[in-house]
Amino acid sequence: ARYASAIANGGIVYDAQIVDKIIAPDGTVVLDKQPVIANRINTNEAYFAAIKRGMEDVTSPEENGTAAKFYEGVKYIAAKTGTSQRTKLDVENNAWQVAYAPLEDPQIVVVAYVQNAYTSPMIRTTIEYYLNHMNKTESTQMSGDYSLAD
């Protein structure tokens, strides 16, 4: 996910973080994590452009992309699929996929691993959910019904 993000943003590798903010029930921000740059990939922009185009083709039915059937009608997700073979039996392959979206202004990277499969629609579902909800107003108040604090 870190390096797919770096491809999408032109070479900045950020430390992975699961939590960006912790808010107390009264609305006080207890922790507000900021992005941390771990590395920068300094190379010709043409390399990033070629990789991005290849990832766009993976989701494209017109290009017979390896994950195109899961992205029919979607033009804003770029992905890379992979299959790891555990044995010579086809039923024991494992599917990997990484994707970012939207293409013009990437906001999210998702990685999925599915055991005994080739690929999965779960990344599209996750990205669409995120993009449909990312502009909603964040509340700093938490209902007492769900609080772990006394």
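Owing to the predicted nature of the structure, the values given are computational and were not obtained by experimental measurement.
The ring-ring contact (aromatic ring centres under 6.0 Å, His included) check on Y113 picks up W96, with sequence neighbours excluded. For A16, the side chain to side chain contact (heavy atoms under 4.5 Å, CB included) partners at least two apart in sequence or on another chain are R2. Residues forming a side chain to side chain donor-acceptor pair (under 3.5 Å) with E62 (at least two apart in sequence, or on another chain): S60, K75. By the ring-ring contact (aromatic ring centres under 6.0 Å, His included) test, Y129 pairs with H133, sequence neighbours left out. Residues that satisfy the side chain to side chain contact (heavy atoms under 4.5 Å, CB included) test with L131, not counting sequence neighbours, are Y76, A101, P102, I127, M134. For E104, the side chain to side chain contact (heavy atoms under 4.5 Å, CB included) test picks out no residue, with sequence neighbours left out. Legend: residues meeting side chain to side chain contact (heavy atoms under 4.5 Å, CB included) with E45, ordered by chain and number and at least two apart, are F48, K52. By the side chain to side chain donor-acceptor pair (under 3.5 Å) test, D15 is found to be paired with no residue, residues two or more places apart in sequence or in another chain being considered. A search for side chain to side chain donor-acceptor pair (under 3.5 Å) contacts involving Y71 returns Q97, not counting sequence neighbours.
Side-chain heavy atoms closer than 4.5 Å link hydrophobic residues (I, L, V, M, F, W, Y) into clusters, and following such links, even through other members, never connects V58 to V98. Linking Ile, Leu, Val, Met, Phe, Trp and Tyr residues whenever their side-chain heavy atoms come within less than 4.5 Å leaves Y14 and V109 in two separate clusters. Placement of L103 and I12 in two distinct hydrophobic clusters is found when ILVMFWY residues are connected by side-chain heavy-atom separations under 4.5 Å, directly or transitively.
Separating the CG atom in D57 from the OG1 atom in T59 is a distance of 8.0 Å, to the nearest 0.5 Å. We find the CG-CG distance between D105 and N9 to be 11.0 Å, quoted to the nearest 0.5 Å.
Taking both residues in full, the closest heavy atoms of Q17 and Q34 are given as OE1-O, 3.4 Å, listed atom of the first, atom of the second, then distance. Scanning all heavy atoms of the two residues, the minimum distance from A78 to E56 falls at CB-N, 3.9 Å.
V19 belongs to a hydrophobic cluster whose remaining members, ordered by chain and number, are I18, I22, V30, L31; membership requires side-chain heavy atoms of ILVMFWY residues under 4.5 Å apart, directly or through intermediates.
A salt bridge (charged side-chain N to carboxylate O under 4.0 Å, His left out) check over residues 120-130, counting only residues at least two apart or in different chains, returns the pairs R124-E128.
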Contacts table for residues 37-44: side-chain donor-acceptor under 3.5 angstrom, sequence neighbours left out:
unit_1 : atom_1 : unit_2 : atom_2 : d
N44    : OD1    : A46    : N      : 2.7

